[in-house]
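To start, the structure itself, in structure tokens.
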Amino acid sequence: MSEAHGGYYVPHESHWPIVAAIGLFVTMAGFASLLNGAGFGSTLMMVGGALLVLMFFGWFGAVIRENQQGVYHEREDMSFRWGMGWFIFSEVMFFAAFFGALFYARVLSVPWLAGAGTEEWTGRLLWEGFAATWPTNGPGNIGGEYEAMPAWGIPAINTLILLSSGVTVTWAHWGIKKQNRKQQVLGLLATVVLGVVFLLLQGFEYAEAYKHMNLTLETGIYGSTFYMLTGFHGAHVTLGAIMLTVMLFRAMAGHFTPHNHFAFEGAAWYWHFVDVVWLGLFIFVYWL
Amino acid sequence: MSEAVGHEHHGPPSGLLRWVFTTNHKDIGTLYLVTSFLMFLIGGVMALLIRSELFQPGLQLVDPHFFNQMTTMHGLIMIFGAIMPAFVGLANWQVPLMVGAPDMALPRMNNLSFWILPFAFLLLVSTLFVSGGAPASGWTIYPPLVLQTGDAFPLLILSIHLMGLSSIMGAINIIATILNLRAPGMTLMKMPLFVWTWLITAFLLIAVMPVLAGAVTMLLTDKFFGTSFFNPAGGGDPVLYQHIFWFFGHPEVYIMILPAFGIISQILPTFSRKPLFGYTSMVYATASIAFLSFIVWAHHMFTVGMPLAGELFFMYATMLIAVPTGVKVFNWVATMWRGSLTFETPMLFAIAFVVLFTIGGFSGLMLAIVPADFQYHDTYFVVAHFHYVLVPGALFAIIGAVYYWLPKWTGHMYDEKLGQWHFWLSTIFVNVLFFPQHFVGLAGMPRRIPDYALQFTEWNQVSTVGAFGFGFSQLLFGYIVWKAIRGGQQAQDRVWEGADGLEWEVPSPAPYHTFETAPEVK
Ligand code: HEM
Ligand SMILES: [Cu+2]
């Protein structure tokens with residue numbers, strides 16, 4: 001395929017990055033047009049999305065083939081590890097922004113609106129009668145009366161589901177180390193199924209909230225933080241589940257050896273990260 | 001598969017598509033640098049429009065809404081389009097050469113990091129032509145003002161997402177290269193300072209670009225999906241945006257200066273013919289600056305209404321940054337002390353950096369003092385401050401770096417005489433341009449306003465003259481680089497007599513694939 005430089009594999013010329021860049025551009029241009037009310041926006045987004053899917057198959061397919069041909073060694077493996085690790089760190093910081101917004105609202109801006117600290121006149125003159133509570137849709141009652149989402153129903157079940165999926169994915173990892181194909185496949189299958197069940201329950205919860213509780217994205221700061229945090233988390237669960245599904249097929253194809261299975265580990269790291277974010281959500285969005 | 005290239009294939013492929021499909025760090029570095037220069041010219045035209053309008057009080061050239069579009073786009077383009085890509089381009093060229101790596105650690109992703117950018121800039125610049133015009137809220141895009149933007153709004157937000165994606169991938173690549181692909185013997189504490197500063201910068205990028213992505217996502221949902229992040233009636237707060245933005249924004253300004261510190265720390269020892277004074281303290285100073293940059297963000301918000309404890313904390317924390325910065329300036333001066341100095345163009349730009357960046361640092365310190373900032377905030381004094389750190393600061397370091405390494409890249413010496421002209425024109429005009437802005441700022445002239453009171457006229461005229469002088473001098477820079485690419489005196493391997501480091505051990509121009517076998521570092 002290509003050549004090794006000083007023992008390090010440097011691929012020559014790849015057309016997948018430009019496909020990715022164009023796919024991203026078309027998707028973004030489509031989304032912007034859609035938001036500006038242009039009908040062709042959604043078509044553009046679909047074209048862009050299709051390009052991106054094609055790109056993922058092509059790009060990652062090329063990497064998998066290279067791996068199968070044995071061009072990767074410890075050094076390349078280490079680059080992938082650093083890459084994935086720092087990517088996950090960037091994701092942590094993305095969630096940090098939304099958690100920051102949640103804490104800021106709960107600890108500072110909502111009490112200030114009700115006149116806490118030196119803001120007494122803000123409260124009295126602008127928002128007479130507003131008391132700081134959480135959850136809240138603000139002094140303007142934005143989105144109308146609503147019910148808050150209790151922690152001890154679906155969310156608690158979902159916590160159990162995600163935590164157990166962390167166990168099953170580790171069990172699958174042991175299967176790789178022991179070269180037990182059946183354990184790998186079963187472990188991954190269980191993890192993916194748990195992930196899908198989580199997503200279904202989350203979807204059900206959203207439907208309940210919209211239909212019966214009038215808790216929507218527009219329910220003031222509570223609705224905003226609730227849906228943006230759980231929504232982005234759900235998107236990440238989806239991504240993680242897709243990664244693990246790919247790993248499932250690769251496990252079935254017998255790709256993983258005890259010393260060469262970073263793709264699996266990367267997906268597992270990602271899954272654990274999604275898990276930890278959920279714990280934060282469960283505690284600060286649902287429970288406290 | 002396009003990857004299927006024969007084993008004997010070593011030089012660059014020919015044709016335009018080479019640049020589209022390339023995974024070579026040198027090609028990608030060149031792409032970044034060329035793009036950066038183009039964006040610099042576009043942003044520069046906007047700056048000249050701003051300065052033309054401000055040549056006289058009253059409204060003459062452009063209407064105020066367009067003026068605001070210009071200040072906004074100028075800021076966004078210069079930061080995300082000119083300065084940041086230039087540093088990434090330099091990292092692409094130099095980091096593998098300086099650590100003895102065969103290429104960047106993740107070469108395909110490297111291509112993607114670059115190629116996202118032209119599309120992102122296309123989205124950004126296209127806002128000039130949509131209904132409602134370009135964003136006009138200032139580059140900081142504060143709500144609620146920015147939520148009044150017309151069709152440009154989603155284009156703006158999504159282009160920021162793309163630029164952030166590119167920065168994050170670029171930074172991951174740089175970190176992986178530095179941590180994983182160093183030549184045997186190149187321990188962390190033997191790394192050249194340019195590599196050290198980029199390592200820390202890359203960390204900052206990965207830490208804060210996603211936060212910016214979060215902030216602009218909240219803007220997008222507030223505008224289109226009914227969320228209340230920045231709407232008090234719903235329990236949100238526009239000030240929340242400022243906190244999140246500046247949590248990104250202050251580290252961002254260090255993202256634009258730490259690699260510059262690294263460049264200066266390469267150039268000064270070379271032309272002083274002495275090793276860098278205080279290498280270890282330089283590394284620790286850089287790390288402390290990076291750490292502190294996370295806990296000073298609200299110095300941009302002193303007048304917004306913050307609890308007193310907040311004002312005090314952010315004031316003292318900000319002033320603390322002067323300590324490691326002072327260490328650096330001291331070390332640079334001590335490096336030159338009793339050296340056998342010569343003044344080739346890169347050295348001139350480096351010395352100018354030390355002097356003029358320090359002026360910007362001092363005005364920063366003045367701004368850090370809360371009661372003083374109440375007066376200075378949103379005046380031209382702030383504009384003078386950040387232009388001193390960014391133009392004779394970051395930009396001069398970039399220009400110095402290009403002169404310093406150009407012979408290594410092209411194999412030709414640039415025209416030294418023209419380089420000296422470029423330096424003196426730039427240095428004189430940059431001060432004519434920005435120094436008077438201190439005066440009008442202290443006297444109370446607000447920023448981002450197309451009109452001003454009569455008493456500010458003279459200094460604004462001086463400033464505009466400086467702007468045109470500085471702007472046109474940069475065309476000379478483009479010409480000098482072009483000339484060196486086309487030909488010129490053959491450069492030696494160790495281009496500069498006092499140069500030290502792996503990049504000077506390889507031929508000039510550096511072969512398309514350098515360090516196919518890793519060099520040994522003693
Ligand atoms: C000694 C170090 C520094 C200190 C103490 C400092 C302090 C400050 C303060 C207090 C402000 C806010 C002024 C206001 O809006 O009222 C400010 C603004 C700014 N500084 Fe610095 N600064 C320092 C270095 C830098 C560096 C190295 C850069 C960039 C390379 C930079 C770029 C900026 C920018 C872009 C703004 C204005 C942002 C805006 O409002 O548009 N500063 N600085
Ligand atoms: Cu700052």
Is [X] reaching over with its side chain to a backbone N or O of [Y], donor-acceptor style, under 3.5 angstrom?
{"X": "Tyr104(A)", "Y": "Gly236(B)", "value": "no"}
{"X": "Ser224(A)", "Y": "Ser228(B)", "value": "yes"}
{"X": "Asp237(B)", "Y": "Ser109(A)", "value": "no"}
{"X": "Asn180(B)", "Y": "Trp82(A)", "value": "no"}

Open item on the list: With a sphere of 6.0 Å drawn around CZ of Phe56(A), does it hold more than 12 non-hydrogen atoms of other residues, nucleotides or ligands?
Closed with: no
Task: Other residues, nucleotides, ligands: >12 heavy atoms within 6.0 Å of Tyr210(A) OH - done: yes
Could you tell me which non-hydrogen atom of [X] sits nearest to which non-hydrogen atom of [Y], and how far apart they are?
{"X": "Tyr8(A)", "Y": "Pro102(B)", "value": "CB-CG, 3.8 Å"}
{"X": "Ala101(A)", "Y": "Ile244(B)", "value": "CB-CD1, 4.4 Å"}
{"X": "Gly83(A)", "Y": "Ile172(B)", "value": "CA-CG2, 3.6 Å"}
{"X": "Glu13(A)", "Y": "Arg18(B)", "value": "OE2-CA, 4.1 Å"}
{"X": "Trp112(A)", "Y": "Pro307(B)", "value": "CZ2-CG, 3.8 Å"}
{"X": "Asn36(A)", "Y": "Pro154(B)", "value": "OD1-CG, 3.5 Å"}

Can you tell which part of [X] gets under 4.5 Å to a heavy atom of chain A, answering side chain, backbone, both or neither?
{"X": "Thr221(B)", "value": "side chain"}
{"X": "Leu122(B)", "value": "side chain"}
{"X": "Phe224(B)", "value": "side chain"}
{"X": "Ile175(B)", "value": "side chain"}

To the nearest 0.5 Å, how far apart are [atom1] in [X] and [atom2] in [Y]?
{"X": "Leu24(A)", "Y": "Leu112(B)", "atom1": "CG", "atom2": "CG", "value": "7.0 Å"}
{"X": "Leu17(B)", "Y": "His15(A)", "atom1": "CG", "atom2": "NE2", "value": "12.0 Å"}
{"X": "Met28(A)", "Y": "Leu165(B)", "atom1": "CE", "atom2": "CG", "value": "7.0 Å"}

Task: side chain to side chain contact (heavy atoms under 4.5 Å, CB included) evaluation trace for Met93(A) with Ile206(B) - done: CA-CA 8 Å; Met93(A) 293 309 291; Ile206(B) 302 175; over 6 Å; no
Counting heavy-atom pairs under 4.5 Å to chain A, which of [options] comes out on top?
{"options": "Gly214(B), Gly305(B), Ala233(B)", "answer": "Ala233(B)"}
{"options": "Leu158(B), Leu220(B), Asn24(B), Leu162(B)", "answer": "Leu158(B)"}
{"options": "Asp27(B), Thr22(B), Ile168(B), Leu123(B)", "answer": "Leu123(B)"}
{"options": "Phe225(B), Phe248(B), Tyr241(B)", "answer": "Phe225(B)"}
{"options": "Ala120(B), Ala213(B), Gly235(B), Ala207(B)", "answer": "Gly235(B)"}
{"options": "Pro107(B), Ala202(B), Ala105(B), Ala176(B)", "answer": "Ala105(B)"}

- [ ] Give the member of Ala97(A), Gly223(A), Ser79(A) that has the highest number of heavy-atom pairs under 4.5 Å with chain B.
- [x] Ser79(A)
Open item on the list: Which one wins on heavy-atom pair count under 4.5 Å against chain B: Val110(A), Leu35(A), Ile18(A)?
Closed with: Leu35(A)
Open item on the list: Once you measure the plane-to-plane angle for Phe89(A) and Phe203(B), does it fall in the parallel (<30°), tilted (30-60°) or perpendicular (>60°) bin?
Closed with: parallel
Task: Under 4.5 Å from any heavy atom of chain B - which part of Leu108(A) - done: neither
Task: Region of Ala20(A) that comes under 4.5 Å of a non-hydrogen atom in chain B - done: both
- [ ] Evaluate the side chain to side chain contact (heavy atoms under 4.5 Å, CB included) criterion for residues Met169(B) and Phe87(A): first the C-alpha distance (whole Å), next the side-chain angles of each, then the deciding distance (0.1 Å), finally the verdict.
- [x] CA-CA 8 Å; Met169(B) 288 193 288; Phe87(A) 167 63; over 6 Å; no
Task: Verdict with supporting geometry, Leu181(B) and Arg75(A), side chain to side chain contact (heavy atoms under 4.5 Å, CB included) - done: CA-CA 8 Å; Leu181(B) 290 192; Arg75(A) 276 256 167 130; 3.8 Å; yes
Open item on the list: Evaluate Met228(A) against Thr217(B) for side chain to side chain contact (heavy atoms under 4.5 Å, CB included), listing each step before the verdict.
Closed with: CA-CA 10 Å; Met228(A) 292 300 276; Thr217(B) 303; 3.9 Å; yes
